[in-house]
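Have a look at the structure below, then the notes.
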Amino acid sequence: METDPTRNEMDRRKFLARSTKAGLCIAAACALGYGFHDPVGPVKSPDGSGSLQLPDYSTNRAEAGFCVVRGNDRTQTVRLALKALGGMETFVKPGDRVLLKVNAAFATPPILSATTHPDLVAETARLCFQAGASSVVVADNPINDPALCFALTGIAGAAESVGARMLPPKDQYFQAATVPGGRLIVDWPVFYEPLKNIDKVIGLAPVKDHHRSGASMTMKNWYGLLGGRRNVFHQDIHNIIKELAMMIKPTLVLLDGTTTMMTNGPTGGSLSDLNPTDTMIASTDQLAADAFGATLLGKTWKDFPFIAKARDAGVGTVDYQRLKPGIISPD
């Protein structure tokens, strides 16, 4: 039987086209998988002990600072909140090196409120420099691809616009750490590079629903410092949040309730998940900030086991009223 060379050539082209398409699909699947995979496994600290403990970054103020500002302009509300606490210069001194720990977990636009808003990043960094900071680093270890997350959330552009430095995660940037009294964070890889030689740590987090913990606020925000296969902690989410709050003693936290994600957290995905709650909280007590943040979700701190656990661990107070919060309206 005689072979048709034209048909053979067509079959060969179809085969190559299908092979190329399959290869691209596999590559895309691998890339997507990487976005949900933490490449860093457990590591040991340089002396082999795995006992790195983070310093206390909190201020020496005699009393905790706590302020609530109502309004929908983040730049204005964070400025007013800090002014009420004595200004950023109360927390950041000339020459200080500052870390802004943002929530950049997902590659989503800021309008969905799943991540720290770029306006809050830019204004906080600007105020740090105005107070005399020698450097401001912005960092997180996102769930999705870091470069994509920092770009789509607008965080990278906001940081760079005011001279802050983005620090995306790399394998060599993790170091084993242990939380004294903890049972989960023991010789566990922590994103330590952005914390090296840092004087002050400020957490910037949105208020949002979370399908496992019930809420994601300032204490849950430190989850982005964990490396390794941190998804194992999902089974004990309330205790891992407690230990994260024990591990990081921040200088200040800014809890952004300008728009609160009421449902389908932590990723959301629809404007119908959001509620305009027009609130900015600034506090030196991360537990008090989260206790107040619970009210923006229509609940109280008692609805969230991680808050009670952190209270019992001595992280702070849930009685934010005792801190005499000033409630300010720009109007």
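Everything numeric in this text was worked out from a predicted model, so none of it was measured.
Of all non-hydrogen atoms in L148 and D145, the two that sit nearest each other are N-OD2, 3.0 Å.
Residues that satisfy the side-chain hydrogen bond (donor to acceptor under 3.5 Å, both in side chains) test with D256, not counting sequence neighbours, are R74, T258. By the side-chain contact (heavy atoms from CB on, under 4.5 Å) test, S270 is found to be paired with S272, D273, residues two or more places apart in sequence or in another chain being considered. When the side-chain contact (heavy atoms from CB on, under 4.5 Å) test is applied to T153, the partners found at least two apart in sequence or on another chain are T115, I155. Not a single side-chain contact (heavy atoms from CB on, under 4.5 Å) links K83 to another residue, sequence neighbours left out. With sequence neighbours excluded, no residue forms a side-chain hydrogen bond (donor to acceptor under 3.5 Å, both in side chains) with E193. The side-chain hydrogen bond (donor to acceptor under 3.5 Å, both in side chains) search around D303 returns none, not counting sequence neighbours.
Between T277 and the choices N72, T260, T295, the side-chain hydrogen bond (donor to acceptor under 3.5 Å, both in side chains) rule is met once, by T260.
In this structure, T90 and L85 have side chains that are not in contact, with every pair of non-hydrogen atoms separated by 4.5 Å or more. Within the 4.5 Å cutoff, no side-chain heavy atoms of V179 are placed close to those of W188. Annotation: side chain of M219 is in contact with side chain of L287 (closest heavy-atom distance under 4.5 Å).
Annotation for V69: hydrophobic cluster partners, listed by chain and number, are L80, I328 (ILVMFWY side-chain heavy atoms under 4.5 Å, direct or chained). Other residues sharing a hydrophobic cluster with M261 under the 4.5 Å side-chain heavy-atom criterion for ILVMFWY residues are I111, L112, L271, L274.
Note on residues 304-318: no pairs pass salt bridge (charged side-chain N to carboxylate O under 4.0 Å, His left out), not counting sequence neighbours. Contacts classified as salt bridge (charged side-chain N to carboxylate O under 4.0 Å, His left out) and involving residues 107-132 (residues at least two apart or in different chains) are given here: R79-E123, E123-R126. A ring pair (Phe, Tyr, Trp, His ring centres under 6.0 Å) check over residues 246-295, counting only residues at least two apart or in different chains, returns the pairs F292-Y320. Sorted by first and then second residue, the salt bridge (charged side-chain N to carboxylate O under 4.0 Å, His left out) pairs involving residues 88-117 (not counting sequence neighbours) are D96-K200, R97-D199, K101-D140.
D290 and T218 share a side-chain donor-acceptor pair at under 3.5 Å. Using modelled atom types, one finds a donor on one side chain and an acceptor on the other under 3.5 Å when comparing S58 with D56.
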